[in-house]
Each structure stands twice: as structure tokens, then as C-alpha cells.
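Below: one structure, written as C-alpha cells.
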Amino acid sequence: MDRLDLIIRDACLATGNERTDIGINAGRISALAPRLPETGQQELNAEGQLVTVPMVDAHIHLDATLTVPQRTTNQSGTLLEGIQRWGEIKPDITIEDVKARARQAILWEVAHGTLQIRSHVDVCDERLVALKALRELKHEIADLVDLQLVAFPQEGVLCYPHGKELMETALHEGADIVGGIPHYEWTREDGIRELEFVFELAQREGRLVDVHCDETDDPESRFVETMARLTQVHHMAGRVAASHTTAMHSYNSAYGFKLRRILQKSGMAIIANPLTNVVLQGRFDDFPKRRGMAPIKDLNEAGVPVALGFDCIMDPWYPLGTGNLLQAAWMALHLAHMTGQTQMEQIFRMATINGQGVFHPGQPSDLAVGRQADLVIWDATSPVEALRLLPVARTVIRRGRVVAEADPARHSVRYGGKTVSLDFRPHSRV
Ligand code: FE2
């Protein structure tokens with residue numbers, strides 16, 4: 001009888017209740033069946049817990065991570081003070097410093113079940129220090145995690161000295177993807193010129209596009225529609241994402257309807273960052289304060305692919321976080337009013353399968369035979385229970401190899417002369 005490299009026994013899949021064994025050989029899923037007759041060199045018992053494809057952090061800034069509170073703080077908590085504080089410490093960063101901080105954040109994300117990370121990297125720096133650092137780190141940790149680097153012009157392209165040249169140089173110095181920030185340019189017209197440059201550069205270099213777009217409360221900020229049109233003109237369906245897009249929460253209903261329709265037709269994806277945007281947006285509002293997130297429920301219902309990002313871990317824009325994408329998903333479902341049973345399952349897909357579609361356009365992304373064996377055994381029995389419990393990732397598997405493990409949290413309460421164990425599940429024995 002065949003002996004497989006690894007078998008995960010008694011797994012509960014996101015798609016159904018039937019317990020499944022997962023066979024893994026040569027780093028790929030080789031078999032899925034209720035009871036595999038083979039044996040494994042290594043066998044893991046999932047004990048009926050959920051096994052899924054890994055989380056995808058579709059948007060983070062690893063160059064600025066872990067700088068707060070040691071290096072700087074943001075007293076007002078605003079987006080603009082965040083840019084100011086980052087600009088103050090940026091001249092002092094070094095390659096080893098960026099690598100050490102980013103490596104730490106990546107290990108945190110892996111421990112939480114994330115194996116694909118897309119990091120924006122500030123290229124408004126003649127030295128391109130952050131890019132050089134993350135390029136090195138990307139190769140050093142390639143066995144552990146897939147890291148994509150976006151050339152991100154934090155301080156603009158047209159309004160920053162040599163902005164275009166820096167973007168082009170960044171692509172030749174290791175950036176994978178063309179970024180942008182059109183709403184930061186001085187005029188609407190310059191924002192459009194920036195996007196035209198971004199798309200022409202991406203097409204010339206054969207790259208994906210991921211633009212910080214309309215990250216403002218201003219309902220007049222409408223660069224996403226320009227991105228949709230340029231995606232169509234350049235035949236880049238499936239290869240373009242707009243990140244943040246928080247101005248969408250302020251559009252009138254008629255315009256929102258039109259925009260969702262053209263987004264769906266264009267084949268663009270939207271990447272929402274609920275944790276940071278819920279605290280950064282609405283800062284000029286009295287009450288009620290706007291929610292600070294793209295309307296992901298409406299976008300999802302319109303057939304627009306939506307993925308999620310953590311965006312910031314302990315940096316000038318967001319002082320908290322451990323890189324647990326389940327927390328971002330949890331926040332997203334609350335902000336979007338997506339507490340319906342199917343809607344919560346869709347939120348989990350945004351954090352996993354949808355993210356993979358953005359990360360690797362055109363590649364199969366669901367758990368299936370032939371897929372690379374990147375898997376997570378959760379301490380929960382379903383995606384919805386994972387969103388309720390925010391459990392640990394018990395075992396994280398990369399290409400058929402265990403790369404992270406965690407013990408499930410256990411609690412006990414003493415009362416009436418006895419000790420009661422709790423795991424916050426309805427079937428817990430009292
Ligand atoms: Fe961002």
C-alpha cells in the first residue's frame with residue numbers, strides 16, 4: 001500500500017460537514033476522501049476541526065511595521081499625521097532595520113495562518129532602502145511565505161520629485177506590482193495622469209496593478225471609475241486591484257449603483273482594510289461618523305471580487321495588531337452588516353480564496369487535489385465558528401510541511417466547589 005508524505009485525518013472542510021482525510025505528497029494535495037486507506041510518513045489528527053486554504057493578507061505595509069511606539073507615535077491618530085510621522089522616520093531606516101521588523105511581522109502572520117502577503121513599499125525615497133530590504137527578505141523567506149511587493153508612491157508620483165523615475169526604477173529593483181495614490185496628487189487632473197502612467201507602466205513591464213485609491217471621505221474622489229475604464233482599455237481584467245476605496249462609503253446611491261456595474265464589467269478587484277480604515281476615516285465627521293470601509297456587501301453581491309488586508313501592524317497609522325487576518329474579517333463583517341449565515345461564509349472566503357484570486361490571477365484557489373499543500377488546521381469546526389471564536393491556527397502547513405503550531409486556548413471557571421472547563425462552544429460539557 002502506498003505511503004504518503006503526510007495525511008491529515010478527520011478534517012472538516014469549509015464546504016461541508018463530512019469528515020475528510022487529506023493526503024499530501026511532494027508538497028501537493030494528492031487525495032481527498034472520507035477515509036484514506038494509505039498510511040502517511042507523518043499523520044496529523046484534525047479531530048473534526050476545520051481545515052482550509054491559508055489566509056491571504058492582500059494589503060499590508062511591511063516597511064513601516066513595528067515602528068510604534070518605539071520610534072514614533074501618532075498623537076492625533078489621523079491619516080495625515082501618520083504620513084507626516086512616517087516621513088520623519090523614513091530617512092533613518094536601514095536595510096537591516098526594515099528586514100528585522102518585517103520578518104517579525106511576517107512570522108506573526110504565518111503563526112495566524114497567513115501564507116500569502118502583498119506588501120506595499122514606499123518608493124518615495126531616492127535610496128529605495130525599504131524596497132531593497134524587502135527584496136532581500138522576500139528571497140530569504142520564500143520557503144515560508146509568498147511575498148509580493150508593490151511599488152507604492154506614498155507621497156505621490158506627479159507631485160513628488162522624480163516620482164515617475166522612482167516608480168520605474170523600483171520595478172527594476174525588485175518591486176513586482178505597480179502601485180499608485182491618485183487622490184494624493186494636487187489636482188483631479190493630475191490624479192488621472194498618474195493613473196494613466198501607472199497603467200502604461202504596468203502594461204509595458206507586464207505587471208499587476210494595485211493602487212491606493214480614494215482613501216478619503218470625500219465623495220468627489222472618484223478615481224476608481226478611472227481605474228475601471230483603464231482596466232478595460234488595457235485589457236487587464238483580473239490583473240488590477242484598488243485598495244482602500246473608502247470614498248465609496250460616501251457616494252450617493254445612484255452613483256454607487258453605476259460604479260458597481262462598471263467595476264463588475266471591468267474585472268477589477270477591491271481590497272478592503274477594515275481595521276485601519278474604521279479608525280482613520282470619518283475624522284472630520286461629527287456624529288454619525290462614517291464607517292470607513294468600502295461597501296463590501298454591495299460589491300460582493302454585484303459580483304466584484306473583494307479581498308481583505310490587515311494594512312498596518314503597530315505603525316504610524318494603526319498602533320495595534322498582531323497580523324491576525326481573522327480579526328480583519330471579524331471587523332469587516334460587523335462594519336458591512338454581513339451577519340447572515342451565507343454572508344459570514346463569504347467574509348471567510350474574502351480572507352482566503354478571494355485573496356488568492358487577487359494574488360495569483362487565474363490559478364485554482366480552493367482546496368482540491370493537485371493544489372499546493374498550503375493548509376491551516378483551525379481550532380474551530382466551521383468558517384462561521386472561526387469568525388465567532390477567533391481561534392488559534394493549530395497547525396499551519398506550507399508545501400506539505402508543518403511551519404507553525406499553536407495550542408488551543410483553554411479556560412476554566414471555579415464555582416460551587418468545582419472547576420468547569422470552557423472552550424466557548426455550545427456543546428462544551430459543564
Ligand atoms: Fe494601505
Side-chain angles (χ1 to χ4, degrees), residues 56-68 74 77-87 90 98 101-102 105 109 114 116-124 130-131 134 147-157 167 170 175-185 194 198 208-217 221 223-224 227 240-249 269-281 283 292-294 296 306-321 323 325 327-328 331-332 335 350-351 355 358-359:
V56 179
D57 186 351
H59 186 114
I60 193 166
H61 297 257
L62 287 174
D63 49 359
T65 195
L66 295 169
T67 53
V68 165
N74 180 341
T78 60
L79 176 60
L80 288 176
E81 185 179 337
I83 295 173
Q84 180 189 342
R85 298 296 170 219
W86 169 239
K90 194 162 62 171
V98 173
R101 289 185 286 101
E109 293 222 329
T114 294
Q116 273 94 39
I117 300 172
R118 176 178 287 184
S119 178
H120 293 250
V121 188
D122 187 356
V123 296
C124 290
L131 179 63
L134 291 174
L147 179 60
Q148 290 181 335
L149 303 177
V150 184
F152 170 50
Q154 173 71 76
E155 297 177 61
V157 176
M167 289 289 288
D176 305 296
I177 296 171
V178 186
I181 189 165
H183 57 279
Y184 196 78
E185 301 289 354
E194 183 202 292
V198 162
L208 305 181
V209 168
D210 188 341
V211 168
H212 278 63
C213 197
D214 299 325
E215 190 182 5
T216 166
D217 297 326
S221 188
F223 292 108
V224 169
M227 286 189 68
V240 176
S243 284
H244 292 291
T245 68
T246 54
M248 275 188 199
H249 69 181
I270 298 294
I271 298 170
N273 299 287
L275 288 167
T276 48
N277 283 130
V278 73
V279 295
L280 291 176
Q281 307 311 131
R283 287 280 176 161
M293 188 176 70
I296 62 172
V306 175
L308 300 176
F310 206 90
D311 199 19
C312 303
I313 303 172
M314 299 175 73
D315 74 9
W317 296 272
Y318 184 72
L320 308 176
L325 204 68
Q327 291 179 343
M331 180 61 79
L335 293 177
M350 290 178 190
V358 168
F359 209 85

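Atoms within each ligand, like the ligands themselves, are counted from 1 in listed order. What you are looking at is a predicted structure, and each value in this text was computed from that prediction instead of being measured.
For the pair NE2 of His59 and OD1 of Asp311, the angle whose vertex sits at the Fe ion (ligand 1) is 80° to 10 degrees. His61 contributes NE2 and His212 contributes NE2; the angle these two atoms make at the Fe ion (ligand 1) is 90°, rounded to 10°.
One finds no salt bridge joining Arg283 and Glu81 here, because no Lys/Arg side-chain nitrogen approaches an Asp/Glu carboxylate oxygen to under 4.0 Å.
At least one N, O or S atom of His244 sits under 2.8 Å from the Fe ion (ligand 1). In summary, Cys312 places no N/O/S atom under 2.8 Å from the Fe ion (ligand 1), failing the contact criterion.
The ring of His61 has its center closer than 6.0 angstrom to the ring center of Phe152.
The shortest distance between side-chain heavy atoms of Cys124 and Lys90 falls below 4.5 Å.
Between His244 and Asn273, the side chains place a donor N or O and an acceptor N or O closer than 3.5 Å (distance only, hydrogens not considered).
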